[in-house]
Amino acid sequence: MSTTLSDDLTRLSAVQMADRLADGAITSEQLTQAHLDRIVRLNPTLNAYLLVDPEGALATAREVDRARAAGEDLPRLAGVPVAVKDIACTEGMTTTAGSRMLADFVPPYDATIVTRIRDARMPILGKTNMDEFAMGSSTEHSAFGPTRNPWDLDRIPGGSGGGSSAAVAAYLAPLAVGSDTGGSIRQPAAVTGTVGTKPTYGAVSRYGVIALASSLDQIGPCARTVADAALLHEVLAGHDPMDSTSIDAPVPDVVGASGTTDLTGLRVGVVREISGEGFQAGVQARFDEALDQLRALGAEIVEVSCPHFGYAMAAYYLILPSEASSNLARYDAMRYGLRETPEGSPSAEQVMAASRDAGFGDEVKRRIILGTYALSSGYYDAYYGQAQKVRTLIARDFEAAFEQADVLVSPTSPTTAFALGDKTEDPMAMYLNDIATIPANLAGVPGMSIPSGTADEDSLPAGLQILAPAMQDQRLYAVGAALEARLRETQGGYVIEQAPEIEVRA
Amino acid sequence: MSTQTAAGAEKTVPFEEAMSRYEPVIGLEVHVELGTRTKMFCGCATGFGADPNTQTCPVCLGLPGALPVVNATAVESAIRIGLALNCEIADWCRFARKNYFYPDMPKNFQTSQYDEPIAFEGYLDVEVPPREGLDEEPFVFRVEIERAHMEEDTGKSTHVGGATGRIHGASHSLVDYNRAGIPLIEIVTKPLTGAGERAPEVAKAYVGALRDLLRALDVSDVKMEQGSLRCDANVSLMPTGSERFGTRTETKNVNSLRSVERAVRYEMTRHAAVLDAGATILQETRHWHEDTGITTSGRPKSDADDYRYFPEPDLVPVAPSREDVERLRATLPENPAQRRRRLQEEWGYTDLEMRDVVNAGAAEVIEETVAAGASAAAARKWWMGELARRAKTAGEGGASVELLDLGVSPAHVAELDGLVTSGRLNDSMARQTLEGVLAGEGTPTEVADARGLELVQDDGALQAAVDEVIAANPDVVEKIRGGKVQAVGALIGQVMKTMRGQADAGKARQLILDTLGVEG
Amino acid sequence: MSNLSREDVAHVAMLARIHLEDAELDRLAGQLDQIVDWVGQVAEVASADVPPMSHPMPLTNVTRPDEVRPSLGVEQAVANAPQAEDDRFAVPRILDEE
């Protein structure tokens, strides 16, 4: 397939797009149209977007072009298009959270992050696919069909934010918004050769973002480069009085940090418990090489131990379902959402139960039932209560580790992208994908995944995770940017550039 | 098992008989809607009676993605209520989710507090008035408060298609979420023992005292009929001499002070009948029916009552500083019971007079009237007499209204009293003047001026009238001179008539007697 | 602990208001038993002296002033309702309870 001129525009980084828009070399309308054209061509194959909004995106683009022509002062990313995970409410635009339950739900309000994106004058291309209510690691639990990995259409793009990662990796958007409860930004980034950040808990407003697990959820950027992610991070982050858990402090200078090239004196901790055994050889090999490059950049590598990380998965799979069981109780067919009315003259209770059976997929039901059980009378202490104690121990492990190291690193995901259908019948196997990413959500600390290269055995991308103490998100960008530049030099280009051309499937 | 008649009434035993064998334990849960401008967790207005669903937003409709933020004033009100109930105030507490499904609850969990209430371990001393017809002293009962916590109200359902809006037989329901999310404080007593046969009265006195206290705190309009104060009454009986509590029932929908007493009394007599029959009390909710004066079976406690409380992750803990608590303590009004005793002493009312004043809700207006310069006796005379009589029927269709809604202010009454004591008006003229004020003709002075109401101060005119009347009634004069002084009344009447009522009758009497040279 | 029975799952599904068909119940019960068994390992660590952690950030006293903000408006409020009547949400008959 030949590369068209508009494809060339989509290949630019967000930083380059912003620069060219600023100096008038291109218009936002051209840029937005280029992405829309590519979406029309490739989305039927990838299923990255659940909804595309050409009119809305182009209207914003033209408005930005007009404002720029009039000499107005515009935000840095004005005119650069963005995709939004279908978990964030968009006023007047269907928002499904990947669920049949919300197939026709049109929110009457914008999530705070959507307002911020609109304030940044970024055209919203559409809403991206996801595992239902963000429960999953493959996007196969979407009620609207799986998203395919642009590197290999028979493989998963990660999850839950597989639509956002695939859109960015396939140049269907330069930037996308994701949400990360246990790895839903970082793991998809890792398996698609892209960059994704889960900021510190509370750094980005959750208001209007459909809740999975309130104490774990965090919103963040998906991009192809660290510098691009930093620009979107800056747009998304900041205090919101509508979210009680939002941090009322200045946003760390992530954009400034993304210009870092030297890591002299930085202490990088390797967490013994999340590397080595159980990790795919190619993933581990790229990780080990990255450690060498970090040393070459002047960092000191130290080994740290987080002894309770082994219990993180179990604690997570109690806390998440518990909170989710309560957060998802509102989907009862009374005020909005799918209503399934059984035969006869059913009561409200029966309509609720039938609608929740019809509207939720298996994974959602599994987790709601698990969480309801964990909170129920007689079991609370053994399950939910105990999981919260483990959470304390994990936070303490992080505290101790960050006394020895400025950042921690690990492979993001134990494997490269697995094949579609591989793990859908085995929930436990699916859960284990998040072994490296979950501790950060439990402790609230920020984490980022950047591509470390491709695995020798399957030529698929692998990810490296960077973790920093709470409210030190800029460290992720400093280390991420320096390592990204170094790897680009040693590997002869960005990892994403190794992705094959996408073959259109009927 | 007790028999249930078609009307739903169950067997009861006479109250005295029940009390001869059993000791009651009662517990009261009062929900008070705070009078904040906005809801507990969102900025929607809270006005009563707004059109359906006009006071709703993503938060109180439980829309996907919406998040709660705590109303600062609601927290302050909760702390002030806690302090007024002599509670300890938590230095750190959290909200919790109470999970259960119900169509009027938008999130299918109620954001409440569970094991960490904002206020706990308090008490309220309530004065229980003497029983009617009995010459006894009022007694004071200390109601121990277990906790007061913050939570949110639910929406309101209207049942359609069944008989008279009842839930039974309805085809469907219509839900209005205006009320959903209005701040509630739930105040829970400890199990109250030792009240014996006075338990129903204690229950009523407690709710009444609590209502007065909340009103004095100015945190709620405490209107039971509008549901801004709601009471659930727990009742159980144990055999006299036992210390093991019996199984309790929770009676809901007890929405007047009188009903509190009646519902507790009814449940006591019903429990006694069940226990007498050797049966066991079913732990269940009961519904109180004001019209028939009985309770009917609601829903039994079941496995489904598993509320799965857990700390609300979308809200952060509330940790009032000790300075804030002391600042709020300084804003507390005088305890209503103490205030009542102080006012009675200041005003010199008898116990009976004071009780009538309090029951009529007239203490505040009398206090203001006295503050505006009237004597306590005059203030009571006007407010408890003429004005109270009018208030009973001044509403729409002859309904009663509050004293202050009559259109006469305490300042008006004080002014009227001033006109009387200064000698400008006599009693009958004062009543006419009040009439004018009630009719909106202006202040008492304005009305008196406009209607030309004024006692004749000119002694010459009065003397002339006296002379004329004496001359015209030689037979009456003879009687008076002969020692029948009371016959002077006939002359006074004629003098007043001559003066067109604008004379001071006392003065007229004195003048007649002086003129006749008779000692009064 | 663990060994979540089919009856347990049915009971919990009732609490969670999810009507499960028999086949669904069979399938989920097996998977859930395995998962519950696995998450039960949290009992192995974290003794009584470890405080539970409900919130990742130690914030307190986040409140808003008691100031009215605009409501949605009734058209918007009921726009997504499966059924609405007289500006209210129409719901099926409610079982006996106040």
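Note: hydrogens, waters and symmetry copies are ignored here, and every other heavy atom, side chains too, is used. Chain letters run A, B, ... following the sequence lines, proteins first and then strands; every chain starts at 1.
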Answer yes when A/D332 and C/R17 have at least one side-chain N-carboxylate O distance shorter than 4.0 Å, and no when they do not. no
Ignoring hydrogens and geometry beyond distance, is a side-chain donor-acceptor pair present between A/Y201 and A/R206 at under 3.5 Å? yes
Contact origin within C/Q41 toward chain A - heavy atom pairs under 4.5 Å: both
Interface moiety of A/S246 toward chain C, non-hydrogen atoms closer than 4.5 Å: backbone
Let me know if C/A16 has heavy atoms under 4.5 Å from chain A in its side chain, its backbone, both or neither. both
Between A/V364 and A/S99, is a side-chain contact (heavy atoms from CB on, under 4.5 Å) present by the stated rule, with each step listed? CA-CA 9 Å; A/V364 172; A/S99 181; over 6 Å; no
Proximity breakdown for A/Y431 and chain C, heavy-atom pairs closer than 4.5 Å: side chain
Is it the case that more than 12 heavy atoms not belonging to A/D426 sit under 6.0 Å from its CG atom? yes
Which answer fits C/A77, side chain, backbone, both or neither, if we ask what part of it has an atom under 4.5 Å from a heavy atom of chain A? neither
Without swapping roles, check the side chain of A/S215 against the backbone of A/A213 for a donor-acceptor pair under 3.5 Å. no
Can you tell me which portion of C/R64 sits under 4.5 Å from chain A's heavy atoms? Options are side chain, backbone, both or neither. neither
Under 4.5 Å from any heavy atom of chain C, what part of A/A329 do you find: side chain, backbone, both or neither? neither
Sort by residue number and list every residue of residues 347-356 of chain A having at least one heavy atom under 4.5 Å from chain C. A/S347, A/A348, A/E349, A/Q350, A/V351, A/M352, A/A353, A/A354, A/R356
Would you mind checking which part of C/I18 comes under 4.5 Å of any heavy atom in chain A, side chain (CB onward), backbone (N, CA, C, O), both or neither? both
Carefully, step by step, assess A/Q388 and C/S54 under the rule side-chain hydrogen bond (donor to acceptor under 3.5 Å, both in side chains). CA-CA 6 Å; A/Q388 288 207 322; C/S54 58; 5.0 Å; no
Given a strict heavy-atom distance threshold of 4.5 Å, which part of A/P241 is in contact with chain C: side chain, backbone, both, or neither? neither
With a 4.5 angstrom heavy-atom cut-off, which part of C/R88 approaches chain A: side chain, backbone, both or neither? neither
May I ask you to decide if the ring planes of C/W38 and A/Y317 are parallel, tilted or perpendicular, using 30° and 60° as cut-offs? tilted
Any donor-acceptor pair under 3.5 Å linking the side-chain atoms of A/N327 with those of A/S214? yes
A/D357 (side chain) donor-acceptor with C/L20 (main chain) under 3.5 angstrom: no
For the residue pair A/F105 and A/Y336, categorise the inter-ring angle as parallel (less than 30°), tilted (30 to 60°) or perpendicular (more than 60°). tilted
Taking every heavy-atom pair that is under 4.5 Å apart, which of A/S376, A/P346, A/A470, A/A395 has the most such pairs with chain C? A/P346
Polar side-chain atom of A/T437 near backbone of A/G182 as donor-acceptor pair, under 3.5 Å: yes
Indicate yes or no: at least one non-hydrogen side-chain atom of C/P56 is less than 4.5 angstrom from one of A/R391. yes
Contact leader toward chain A among C/R27, C/Q83, C/H55, where contacts are heavy-atom pairs under 4.5 Å: C/R27
If you count heavy-atom pairs under 4.5 Å with chain A, which of C/P51, C/G73, C/A81 comes out on top? C/P51
What part of A/L338 gets within 4.5 angstrom of chain C, counting heavy atoms only: side chain, backbone, both, or neither? neither
By a 4.5 Å heavy-atom criterion (distance strictly below it), what part of A/M471 contacts chain C: side chain, backbone, both, or neither? neither
Under 4.5 Å heavy-atom distance to chain C, tell me which part of A/E91 shows up: side chain, backbone, both or neither. side chain
Pick one of side chain, backbone, both or neither for A/T392, based on which atoms fall under 4.5 Å of a heavy atom in chain C. both
Please look at A/R339 and chain C and tell me whether the side chain, the backbone, both or neither of the residue comes under 4.5 angstrom of a heavy atom of that chain. side chain
Just so I understand: if I count every heavy-atom pair under 4.5 Å between each of A/D362, A/T245, A/I368, A/L370 and chain C, which residue has the most? A/D362
Relative to each other, are the rings of A/Y384 and A/Y380 parallel, tilted or perpendicular (30° and 60° limits)? tilted
Does a side chain donor of either A/E273 or A/S305 reach within less than 3.5 Å of an acceptor in the other side chain? yes
Contact origin within C/I35 toward chain A - heavy atom pairs under 4.5 Å: both
Under 3.5 Å side-chain donor-acceptor pair for A/T90 and A/D110: no
Identify whether the distance between the nearest side-chain nitrogen and carboxylate oxygen of A/E399 and A/R396 falls below 4.0 Å. no
